[in-house]
Structures are given as structure tokens and as C-alpha cells.
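Per chain, numbering begins at 1; letters A, B, ... match sequence-line order.
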Amino acid sequence: MSRYAAAEIEPKWQKAWDDAGVFLARRDADKPKYYVLEMFPYPSGRIHIGHVRNYTMGDVIARYKRATGHNVLHPMGFDAFGMPAENAAMANGGHPKDWTYSNIDTMVAQMKPLGFSLDWTRMFATCDPEYYGQQQALFLDFLEAGLVYRKNAVVNWDPVDMTVLANEQVEDGRGWRSGALVERRELTQWFFKISDYSAELLDALDTLDDWPAKVKLMQANWIGRSRGLQFAFSLIDGPRGFDRVEVYTTRPDTLMGASFVGISPDHPLAKELEKSDPKVAAFCKEARQGGTTEEAMEKAEKLGFDTGLKVRHPFDTAWELPVYIANFILMDYGTGAIFGCPGHDERDHEFARKYDLPIIDTFLPVEGGHDIQSAPFVPAKTEKVRFTRLVAGEEIQTGEEAINATIDFCEANGVGHGVTKFRLRDWGLSRQRYWGCPIPVVHCDDCGVVPEKKENLPVTLPDDVSFDIPGNPLDRHPTWRDCACPACGKPAKRETDTMDTFVDSSWYQARFTSPRATTPTDMEEADYWMNVDQYIGGIEHAILHLLYARFFCRGMVKTGHLPEKSKEPFDALFTQGMVTHAIYQTKGDNGRPVYHYPEDVTLKDGQGFLKDGQEVEIIPSAKMSKSKNNVVDPVQIIADYGADTARWFVLSDSPPERDVEWTAAGAEAASKHLARVYRLAAELDNAPANAEEDTALLREMHKAIRDVTLGVDSFGFNASIAKLYGFTNAIAKSKAGADTKRTAIKTLAQLMSPMTPHLAEEVWSLLGGEGLIARAPWPKEDEAMLVDDSVTLPIQVNGKRRGEITVPKDLDKAEVEKLALAHENVARTLDGAQPKKVIVVPGRIVNVVM
RNA sequence: GCGGACGUGGCGGAAUCGGUAGACGCGGGCGACUUAAAAUCGCCUUCCCCUGGAGUGCGGGUUCGAGUCCCGCCGUCCGUACCA
């Protein structure tokens, strides 16, 4: 008897699919289209088991949708620009381009044996000049449409290496290579005007019915619509040209509790004072130290500098407030200036205590008091409070009511005006790096910033560059920068900044619909294939990538590169969890942990041992990391067990949105199960028909069709797999005749085909299935075979389970109640007492209340 | 710091709407087959002070009934705008 041999089966069927062109996507007006896309990978060098899980989920959907009569587009490409290629060039020599393309070759070679039903003819990498040239064309159209502009913005500056650092290159406020204290420095940079779409991007979230609520909530909070009051404090004896400080506040109702005004170190007033006062300059220098991340700013110690200047309170001109420069105020948000109300804000309270400023309450709890000196009183805005220093509205009202009343009052009295602001900032796309899409503009002494002509695209990256010194090699390239001004023809300089890689990944889904078009998209193809019906990727992209893509597609609609319907490019989104693996560690001589490879550890009764018998500590479910030696390599898994086992395992055990822990035992079990399915088909006997057994097995089969289909439809792949185990057990135990068993096993193969396509084809052909299972229509359950005529009901007394009864499905409530009360355990628990109430939920449960 | 999620047996996890907690798998135990082992097959497996009781991170609450809803904690993970 032949055995399940994945190594023989898998290449055979992959070739059969290739020869038949099963996965090529061609427009077909007669079929409904279905576009399934997984977030494309960064070509780091090897595929990761996390990729296997991500692409297997997409492949299950793709194969299932093909079986249900859809014309499926399922493409793959590479997000190929970015820092790691430059880091590799710096560390090991070589060129980012060679490193990247060599990695892509390796990863394609590793992906193909997994048998994903991809249309490989559509593959591209974002570093292909054909792709980034079209991206440059989009940039020029966006520029013309007013969606791009330049302004100053802060970057992390390494004063020793004289280079800009990415946030991840700043560790504890210091440059990762130089160790120097990082400074925040302003540069002129390019921006996309995503803020034009703040309200639309927020409101349109409501139309994304098939996105996870958590992602929509995260985006909504990120965009951060707020209504507040913008007004000015008049400045007493300020420097020339500075007679007021404009502030924005979302809590104008606390204005009577103001005790200071704070301005950003980058505020024009701070910059003016800095010129003449060395102490201000010293403070601002210190305040500008450290990284640019919101996290670093928020966690840094709150520091203030008393400028000695005063402003007048708008409601009481005799009331003067000090003006502080504070390191936690961002110039990018609001007006770069705030008023502080220590009584009702955690941060202001801390600041007031530190600099000995008054803490004044404006409202207190409706009942009881609050010691405002020891802690601020910060209730939810929807909670009613009692105002002690009321500006407008009722004495007892909610924060929300007070805010609105105060804004109305201020507008009526000429103190500022109500404004709606968004937290969302414009998208800075300039990167001072080589390995990215060049920004196609030219700087001319006479004409200023001039867009490159479209016929000159792509502006390609020069190959002759080196990475032996920090910084952007484009800046110091001897000839690449020099060019003729597209407007006047005089000598000019190219822009040397390249684009943020989020630009690359903002429109690749559109490009897949016509990857070789000589324009960014082909409208006919885009109109047929867009939108992405199902997008699958990691939750880490919940905000930035997905928000940028939503904006970018709006820009593409505006500039005529996508149809109106593609403003929201992703109809449904699914965010999958990670694949984790245990860490095996021992303590080294110096007390530091030593990490051991899984293959060096023997597991026994939940404990792990090294070859020399030393016990290792097992840390379960840790994120895979090369430095922890707990990375599992899909190539090794395929070599050991085959692709179908890897695919089956990453889908089983855990729900797709949660993390799954890779274990050798689990992989072993998956492999055994697949071998068992193969054996069922290969060892099918000639048993004669048996009416009762046949019907029983067919009923199991129809239940399996229903349950597995439901699981696949609702991303419950682990639930589908549990049902498939159950159905396999039912077949193995069944005494049904050979014909019925053959039908059942063929159906099992079909139901497994999205997950384990190679095994499914093999079983299908063993049992005489017609053609390729990859082209067979999805089985349909027979409703009549699913109906049970009796039902088992649990009986509870006071919510505790005391027994169960089996009754005809449609027995009326009174009868069920009678039977339940007659139940031995129930009668004993009642002990003759009359129940107060009996709750009968038909088909579900009986609860006796006593 | 802020925003979002998650937490169930020895382990991964199931439980469509608030209605039998622990499906399915791993691990473990017992047995069959075998000279023996592997492979395979069958049965058992939440815990305990076991005619009962307890139990879904911890503490409260709503309900006839809570893993599921509400309030407050603790822990872990993701994001925090130049990692992708």
C-alpha cells in the first residue's frame, strides 16, 4: 500500500496547476470577480512562518471563492524599498539593489513550494523602475491637484554622524551608531495634504462595514476630531511684533481655572526670545533634545521655563498669567500654545506643583468634594458636575454642555471663536535616504521648485553609490544631482530626498489590476477588479498604512487614476495574529540568558532538556526573534513534512485573528492527520451498501459541508479544521458501504482543498474525481439531511445544571416544563417545594427558579 | 504618557443572540495489535476535601441565568506619524 508522500505529491500538482493555468486572472464579464490580497512582504531575505500563515489564509479564501464560481485575482509582490537594504550595504558592502533582488529571488523560490494559488505573472517589486516611475507620475498629478506641498518639519538629527535618523534608530534619545544625544532639527520637506480629508476619512469609516471595529476605532481616535475654542491672550510688554498669544483649547469651560500659558520651544515667540536671552536659548536647546516620537515627548520629564512675560486673562484684565516655554507642547498641533488648568488636567497639575503655580477648581462633583490641591478632578465630559467658577450655562451641567455654552458665550462677547480641529497631521513623505522612490522635482535658481516632465520619467536611482559614510549618497553623487531645469533649461539640481515607503504600499493594490500598464493604472482593468474584496494583514498596520492608502486612493480618484468607487480600496479587512514559538533559555556564567535552538532541546512531560541533561527554562508563546533563537524556518518545515502540513497547522489550533504558537508536536499531529486522510482514500475497501450506516454517514457529510463552509465564510478556519477532524473520525469509524464512503471522502477532499490543496488533488484523483479539484465546484449541503427530530435540553435549578432531558424538537413549553419538574434530580433538589418560576427557552434550556 | 486589543484545563484553544464551560487537537494514562518496537486502532483525561462542591486573570455589579454585558484593578501584546 502506498504511503502519503508530500515530497512527491506536491510538486506534481503544482505543475498540473501551472500547466492548466488555473490561477491566471483574466477579465471575464460572465463571472462575479473576487479580489483577495494579503499585505505584500518586505524582502528581508527569507520567508517567515508568519508569512506562511498570512498567505495561507488568503489562499484558502482564493481557492474557496474559485470553487464557488468567482473569477479570482490573487496577486503577490514585494514592498522592496526601505532602510534594511541600506543597512545591509553599510554592514556588509554590496548594493541595496543587489541585496533586494537577490532576496526577492530567494523568497519567491521559498514561496512557490507552498502551493499558493497566485497569479505570479502579475508580480512586481516597488523598487522596479516600471513601478516607481508610475508612482512619480502620480506624485506629479497630485502636485498639480494641490495635494502636495512643502513646509518645515522636525527630524531626528545625529550631530556626530551629521545625518537624519529614523525613530527606530534612536535609542533612549541617542543615535544608535554614534551614541550622541539626538536633536530635533527642522528641515524643509514634502507633505501630502491628508488633512484636507480629515473629516471625510473619519466619516467614511462608518461605510466600512466589513472592517474590524477596533481598527475603525483606532483610526477614528488617530484622526481625532475635536471642537474647541481658539482665542488670544493679550501679551503685556512682549517683544516687538508680539502683542498676543493665540491658543486653542478643548476645555474652554475651565478658563477660570487657568494658572499659566505654555508655548512650544518652536513657537515664534520662544524663537524670538531665544535670540536675545541666552537662558531661553539654553532651555530651548535642552527642550529640543531627544527623539521626535510622541511617546518620547510624552514620557519625558515635563520641563518649563518662566519667560517672565505675562498675559491678561480675557475675562478679567487685572488677572495676569505667567508665560512658560514647555517641552511637552508641540508646534504641530493647534497653535503651539495652551493655557494650563492644573485643577482639571493631570499634566498641568504636575507642572503646577513643580513650578509652584496656583491650582484653582472650576467645577467639583455634584455631591461631595474633591481635594483639588492633591489631585486634579478629571471626570468624563458626559458626567454632570457642579460649577464653582462658571463662565456660561447652568451651574450643574456636563462638561460637554459647559464647553458648548462657553464657546457660544465667547463668540457673543468677541473672545475667540469655536473651531473644529483634527489631531491628524499632514503626511510627511520626504526621506533623506537613497533606497526609495526619487521625488521627481528639480530645484532651479531662477524658477524655484519645478516638476520633472512626465516624458522624462522614471527618474531612476543611480547605481554607482557607496555607503561607507553616513548620510544620503544622492546628496554627494558627482553627476546625478546635476540636471537641466525642465522649465528654463538652465543647470539645476535634482531633489535628493526620496519617498516614504508608505507611498509605495498605498497603491500597489491598484497596480496589481494592470501591473504592466504604461500609465499608473488601466481604468478598464481597475474598474473590473477593484476594489479588494478581502484584504488580510497584521494589526500593526491598523492606522498608518491603511489610513495612508485610504487617502492615496482618494487622490488617485481625484486625479483620474481610479474609479469613484475606489475611494475606499479595501471592502473587507481581516487582521491576523502572529506565529509565536517558545524560547528555551538557560543562565550563562555571567547571569545573562543563553538561548537554545529548538532542535537542541528534548521535550519530556512539559520540561525541556539539553543533550547534556541540563534543564532549560521554557518561555511559551514568544514573538519569534533571531536573537532569541526561536525562529522556525518554513523551508525546513516543508522539507520535514511538506507544504500541506505547514498550511494545515498554521490554520488549526488558534483563531486567525489571534497569535498561534508553533510547536513541533503540533506539526507532527497535523502531518499524521493528513497521512490518515490519505490512507482512508488509498485503503478504501469494497464493503456492500448498508442503508442505515450509509444514511448516518451522509448526514455527517452534509453537516460537515455546512459547518466547514460557515467557518471559511467567517474566517473561522480553526473551527472548520475542528469540523474536518470530526468528519474524518466519522468516516474512519463508519461501517457504510464503499460507494457512500467514496462520496464522503471525495467531499472531505473538497472541503480540505482550500487548506491542503495538494493532498486534496491526490485523494480526488485516487477516487476517480473528474478533472482538477482546484476547478471542481464547492459541495452544497442538503437541508433535508440536517434536520434532527429530537433535542436534548439541560435543566438548571437556580442556574445550576441538575440534569438533562431529550424531547421531540417541537414539544410545547408546558410539556417541557412538566418533564423537567419530573426529572429525578430536579425533584430531589426541590424537595417538595413549589418552584417560583420555570423559564423554558425552546430548543435551548430550562431553568427552574425556587 | 496616550489610543486599541487580549487574558478559559498540564498546553493550543471551542462555546452564532446572555442559555449544558472545556468542542477539536497536543500532552498524559490504560488497553488492543506485535516476539518486541515503531506505526495504527479503542477507551479515559478541568480541579477538589468527590452521594457533593468549586471553576473562564483579580475585585465588585446587572440578570431566572454571565466566559459573553457594566464599573474598578492587574498582566501581556499592537500602534504612537522616519521600522515595514
Side-chain angles (χ1 to χ4, degrees), chain A residues 39 41-42 44 79 81-84 153 155-156 164-170 189 212-215 217-222 224 291-300 302 328 332 346-347 423-433 500-502 505 538-545 547-548 575 577-578 603 605-606 620-621 623 649 652-655 657-661 663 665-666 668-670 672-673 675-676 679 710 714 716 718-719 721-726 729 732-733 792-801 803-804 836-839 841 843-850:
Chain A
M39 291 180 187
Y42 179 80
S44 57
D79 189 13
F81 274 135
M83 289 201 311
V155 294
N156 302 303
V164 176
L165 298 179
N167 285 335
E168 73 159 8
Q169 295 173 322
V170 178
Q189 307 198 60
K214 63 179 170 185
V215 173
L217 187 56
M218 281 190 256
Q219 290 214 354
N221 289 337
W222 184 262
T292 56
T293 68
E294 191 193 25
E295 186 191 3
M297 308 278 277
E298 287 285 333
K299 278 187 172 169
K302 310 295 178 286
F328 54 86
D332 285 350
E346 202 73 53
R347 187 179 62 191
R423 204 185 78 100
L424 179 65
R425 308 200 295 255
D426 275 331
W427 171 11
L429 68 113
S430 299
R431 296 293 181 270
Q432 295 71 44
R433 273 181 259 289
D500 177 10
T501 55
F502 275 127
S505 55
I539 187 68
E540 66 272 20
H541 295 295
I543 297 176
L544 293 181
H545 161 59
L547 188 62
Y548 289 153
T575 54
M578 290 185 302
L603 292 173
D605 296 350
S621 285
K623 185 174 177 171
F649 180 78
S652 62
D653 278 23
S654 242
E657 67 275 19
R658 295 246 290 259
D659 293 350
V660 64
E661 183 174 353
T663 61
E668 191 70 39
K672 278 183 188 174
H673 180 259
R676 186 179 186 216
R679 233 181 302 119
L710 191 68
S714 61
N718 58 321
I721 284 186
K723 297 295 176 189
L724 286 166
Y725 270 111
N729 288 339
K733 284 180 189 171
T792 301
L793 298 178
I795 308 165
Q796 298 180 333
V797 178
N798 287 344
K800 296 272 177 226
R801 188 176 179 278
E804 61 181 36
K836 279 195 200 136
K837 194 155 69 160
V838 179
I839 293 157
V841 184
R844 281 286 191 190
I845 201 166
V846 181
N847 192 9
V848 179
V849 186
M850 61 181 281

*Between Phe502(A) and His545(A), how do the two ring planes meet: parallel, tilted or perpendicular, split at 30° and 60°?*
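Ring orientation, 0 to 90° scale: parallel.
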Provide, to the nearest angstrom, the distance between the [atom1] atom belonging to [X] and the [atom2] atom belonging to [N].
{"X": "Leu429(A)", "N": "rA84(B)", "atom1": "CG", "atom2": "C1'", "result": "17 Å"}
{"X": "Asn847(A)", "N": "rC64(B)", "atom1": "CG", "atom2": "P", "result": "10 Å"}
{"X": "Asn221(A)", "N": "rG3(B)", "atom1": "CG", "atom2": "C1'", "result": "6 Å"}
{"X": "Ile543(A)", "N": "rC78(B)", "atom1": "CD1", "atom2": "C1'", "result": "9 Å"}
{"X": "Asn798(A)", "N": "rA66(B)", "atom1": "CG", "atom2": "P", "result": "11 Å"}
{"X": "Ile721(A)", "N": "rG12(B)", "atom1": "CD1", "atom2": "P", "result": "18 Å"}
{"X": "Tyr548(A)", "N": "rC83(B)", "atom1": "OH", "atom2": "P", "result": "10 Å"}
{"X": "Asn167(A)", "N": "rU80(B)", "atom1": "CG", "atom2": "P", "result": "8 Å"}

Under 4.0 angstrom, heavy atoms only, what part of the nucleic acid is [X] near: base, sugar-phosphate, or nothing?
{"X": "Trp222(A)", "answer": "base"}
{"X": "Lys733(A)", "answer": "sugar-phosphate"}
{"X": "Gly82(A)", "answer": "sugar-phosphate"}
{"X": "Ser652(A)", "answer": "nothing"}
{"X": "Ser430(A)", "answer": "base"}
{"X": "Pro655(A)", "answer": "sugar-phosphate"}
{"X": "Phe328(A)", "answer": "nothing"}
{"X": "Gln432(A)", "answer": "base"}
{"X": "Asn718(A)", "answer": "sugar-phosphate"}
{"X": "Gln219(A)", "answer": "nothing"}
{"X": "Ile839(A)", "answer": "base"}
{"X": "Lys836(A)", "answer": "nothing"}
{"X": "Val164(A)", "answer": "base"}
{"X": "Ala542(A)", "answer": "nothing"}

Given the [atom1] atoms of [N] and [M], what is the spacing between them in whole Å?
{"N": "rU8(B)", "M": "rG4(B)", "atom1": "P", "answer": "22 Å"}
{"N": "rG61(B)", "M": "rG7(B)", "atom1": "P", "answer": "23 Å"}
{"N": "rU20(B)", "M": "rU46(B)", "atom1": "C1'", "answer": "15 Å"}
{"N": "rG9(B)", "M": "rU56(B)", "atom1": "C1'", "answer": "10 Å"}
{"N": "rA14(B)", "M": "rC33(B)", "atom1": "C1'", "answer": "34 Å"}
{"N": "rA36(B)", "M": "rC26(B)", "atom1": "P", "answer": "26 Å"}
{"N": "rG10(B)", "M": "rU80(B)", "atom1": "C1'", "answer": "38 Å"}
{"N": "rG55(B)", "M": "rA66(B)", "atom1": "C1'", "answer": "13 Å"}

Can you find a pair of side-chain heavy atoms, one from [X] and one from [Y], that are under 4.5 Å apart?
{"X": "Ser652(A)", "Y": "Asn718(A)", "value": "no"}
{"X": "Glu668(A)", "Y": "Thr663(A)", "value": "no"}
{"X": "Thr575(A)", "Y": "Val215(A)", "value": "yes"}

*Using a strict cut-off of less than 4.0 Å between a Lys/Arg side-chain nitrogen and an Asp/Glu carboxylate oxygen, indicate whether Glu294(A) and Arg423(A) qualify as a salt bridge.*
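Here Glu294(A) pairs with Arg423(A) in a salt bridge, since their nearest N and O are under 4.0 Å apart.
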*asked:* Donor-acceptor pair, distance only, cut-off 3.5 Å: does the side chain of Gln796(A) make one with the backbone of Val848(A)?
replied: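 Not confirmed, Gln796(A) side chain does not pair with Val848(A) backbone.
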_I'd like to know if the side chain of Asn156(A) and the backbone of Thr292(A) have a donor-acceptor N/O pair within less than 3.5 Å._
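Yes; judged by distance alone, with no hydrogens or angles, the pair exists.
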Does [N] have its OP1 or OP2 closer than 4.0 Å to a side-chain nitrogen or oxygen of [X]?
{"X": "Thr293(A)", "N": "rU80(B)", "value": "no"}
{"X": "Arg676(A)", "N": "rC41(B)", "value": "yes"}
{"X": "Arg658(A)", "N": "rG7(B)", "value": "yes"}
{"X": "Arg425(A)", "N": "rA81(B)", "value": "no"}

*Step by step, would you call Glu295(A) with Lys299(A) a salt bridge (Lys or Arg N to Asp or Glu O under 4.0 Å)?*
CA-CA 6 Å; Glu295(A) 186 191 3; Lys299(A) 278 187 172 169; 3.1 Å; yes
If anything within 90° of 0 is syn and all else is anti, what is [N]?
{"N": "rC50(B)", "result": "syn"}
{"N": "rG28(B)", "result": "anti"}
{"N": "rC48(B)", "result": "anti"}

*asked:* Regarding rC6(B), can its base be found pairing with the side chain of Glu657(A) as donor and acceptor, where the two atoms are less than 3.5 Å apart?
replied: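 Result: no qualifying N/O pair found.
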*Given rC83(B), rA21(B), rG4(B), which nucleotide is nearest the side-chain atoms of Lys214(A)?*
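My answer, after comparing the listed nucleotides, is rG4(B).
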*Nearest to side-chain heavy atoms of Glu168(A), which nucleotide of rC83(B), rG3(B), rG25(B)*: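 Of the options given, the side chain of Glu168(A) lies nearest rC83(B).
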*According to the Watson-Crick and G-U wobble definitions, with both distances under 3.5 Å, which nucleotide is paired to rA14(B)?*
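The answer is none; no pair meets the criterion.
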*Could you tell me which nucleotide pairs with rA54(B) by Watson-Crick or G-U wobble geometry, both distances under 3.5 Å, or answer none if nothing does?*
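rA54(B) is paired, partner rU46(B).
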_Nearest heavy atom decides the nucleotide; on that basis, is Lys302(A) or Leu710(A) closer to the 5' end of RNA chain B?_
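Here Lys302(A) is the residue nearer the 5' end.
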*Using heavy atoms to find the nearest nucleotide of RNA chain B for Val846(A) and Thr663(A) separately, return the residue whose nucleotide is more 5′.*
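By nearest-heavy-atom nucleotide position, the 5'-most residue is Val846(A).
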*Without hydrogens or angle criteria, can the side chains of Asn729(A) and Arg676(A) be said to hold a donor-acceptor pair below 3.5 Å?*
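Looking only at side-chain atoms, Arg676(A) and Asn729(A) do form a donor-acceptor pair, the distance falling under 3.5 Å.
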